Amino acid sequence: MTDYFQGNFPLQSVPLTKSVVKSHAHTEEESGKLAATIAEAASDRKAGEILLLKVAEVSYLADYFVMMTGYSRVQVRAIAQAIEGKVETELQRRPIRTEGKVEGSWVLQDYGDVIVHIMMPKEREFYNLEAFWIHAERISLPESDEGEGKPT
């Protein structure tokens, strides 16, 4: 057996795969808008310590990480749901994958160019992702205007 792989494998499979991946690329502006929309949805659900990190220069995983704290499993799930709803409504995007919703202590939402971490205080303190991504640029978030003239 000189040929281990016998069969008719299409020679174009690699280039086709590459072109599919490229078609899902988002501009830095689109990624930034997505990250800001996520942070706003989290703020609307009273997430604590929302941190927006621009990791594009220090990681190939994503352009932005958005980290926040939920103070109960119910709140963590509610924040995740609010993010999904707002992003789908405003930007017509859904996460590629979501992990941890059942447990509710740490929900991860992967939008490709933006990765969201919604953690309970204990998990956030223990894993300390902020320290791991210390070289990432921290993006300032506008202060929430707690109900001042917001339409309901």
Side-chain angles (χ1 to χ4, degrees), residues 13-152:
S13 64
V14 172
L16 287 176
T17 302
K18 284 184 181 178
S19 67
V20 169
V21 171
K22 287 180 185 175
S23 71
H24 291 289
H26 297 280
T27 67
E28 188 175 326
E29 185 179 321
E30 290 172 327
S31 297
K33 182 174 178 152
L34 172 59
T37 301
I38 289 166
E40 186 180 313
S43 178
D44 291 347
R45 285 286 175 205
K46 309 294 186 223
E49 304 172 62
I50 301 171
L51 177 62
L52 193 102
L53 296 176
K54 185 175 181 182
V55 296
E57 300 296 321
V58 295
S59 173
Y60 64 89
L61 295 174
D63 293 339
Y64 292 89
F65 281 177
V66 185
M67 297 177 212
M68 65 208 64
T69 302
Y71 298 100
S72 71
R73 293 177 190 275
V74 171
Q75 186 188 21
V76 168
R77 289 186 200 107
I79 293 167
Q81 197 65 36
I83 290 169
E84 284 182 29
K86 188 172 187 81
V87 170
E88 187 169 5
T89 301
E90 293 185 12
L91 304 175
Q92 293 74 50
R93 289 187 59 184
R94 295 197 40 78
I96 297 167
R97 97 184 90 254
T98 300
E99 298 291 334
K101 239 184 193 176
V102 174
E103 298 83 6
S105 60
W106 181 351
V107 174
L108 182 135
Q109 296 171 314
D110 182 357
Y111 283 91
D113 50 337
V114 178
I115 297 175
V116 182
H117 298 274
I118 311 163
M119 296 173 268
M120 296 273 291
K122 190 175 176 181
E123 283 74 11
R124 188 155 182 186
E125 183 180 348
F126 181 80
Y127 290 101
N128 196 11
L129 296 179
E130 294 92 329
F132 187 77
W133 296 104
I134 193 74
H135 299 317
E137 178 185 346
R138 289 175 182 244
I139 306 296
S140 297
L141 298 170
E143 293 298 318
S144 67
D145 47 313
E146 297 297 293
E148 294 176 15
K150 281 190 174 183
T152 53

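This chain uses plain numbering: 1 for the first residue, then up along the sequence. Small disclaimer: the values here were computed from a predicted structure and weren't measured.
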One should read off an interatomic distance between Ile134 CD1 and Leu129 CG, to the nearest 0.5 angstrom, of 12.0 Å
All heavy atoms of Tyr71 vs all of Glu49, minimum pair found to be OH-OE2, 3.8 Å
Taking only residues two or more places apart in sequence or in another chain, which ones pass salt bridge (charged side-chain N to carboxylate O under 4.0 Å, His left out) with Glu90?
-> Lys86
Pairs where residues 125-139 contributes a residue and the test salt bridge (Lys or Arg N to Asp or Glu O under 4.0 Å) is met, not counting sequence neighbours | Arg124-Glu130
So, do Leu52 and Leu141 sit near enough that their side-chain heavy atoms are less than 4.5 Å apart?
-> yes
For residues Leu34 and Val87, report the shortest heavy-atom separation together with the two atoms involved.
-> CD1-CG1, 3.6 Å
Salt-bridge criterion met for Lys101 and Glu84 (N-O under 4.0 Å) = yes
Quick note, salt bridge (Lys or Arg N to Asp or Glu O under 4.0 Å) partners involving residues 65-80, not counting sequence neighbours, are none
Return the minimal non-hydrogen interatomic distance between Ala41 and Ala82, and the atom names on each side.
-> CB-O, 3.8 Å
Nearest heavy-atom neighbours spanning Gly104 and Met120 = O-CG, 4.0 Å
Interatomic distance, CG@Leu53 vs CD1@Ile139, rounded to 0.5 Å, equals 8.5 Å
In short, Pro121 meets Gly70 closest at the heavy-atom pair CD-O, 3.3 Å
Does a side-chain heavy-atom distance below 4.5 Å link Ile38 with Gln109?
-> no
Rounded to the nearest 0.5 angstrom, the CG-OG1 distance for Leu51 and Thr69 is 9.5 Å
Nearest 0.5 Å please: distance from the CD1 atom of Ile50 over to the CZ atom of Arg45.
-> 13.0 Å
State the CD1-CE distance between Ile79 and Met119, to the nearest 0.5 angstrom.
-> 11.0 Å
For the residue pair His117 and Phe65, does the interplanar ring angle fall in the parallel (under 30°), tilted (30 to 60°) or perpendicular (over 60°) class?
-> perpendicular
Do Val116 and Met68 have side chains that get closer than 4.5 Å, going by heavy atoms?
-> yes
Taking side chain as C-beta onward, heavy atoms only, is Trp133 less than 4.5 Å from Met67?
-> yes
Does a side-chain heavy-atom distance below 4.5 Å link Ile83 with Tyr111?
-> yes
About how many Å separate OG1 of Thr37 and CG of Leu91, when rounded to the nearest 0.5 Å?
-> 4.5 Å
Residues Val55 and Ala136: closest non-hydrogen pair is CG1-CB, 3.7 Å
Within-4.5 Å side-chain heavy-atom neighbours: Asp113 and Arg93 | yes
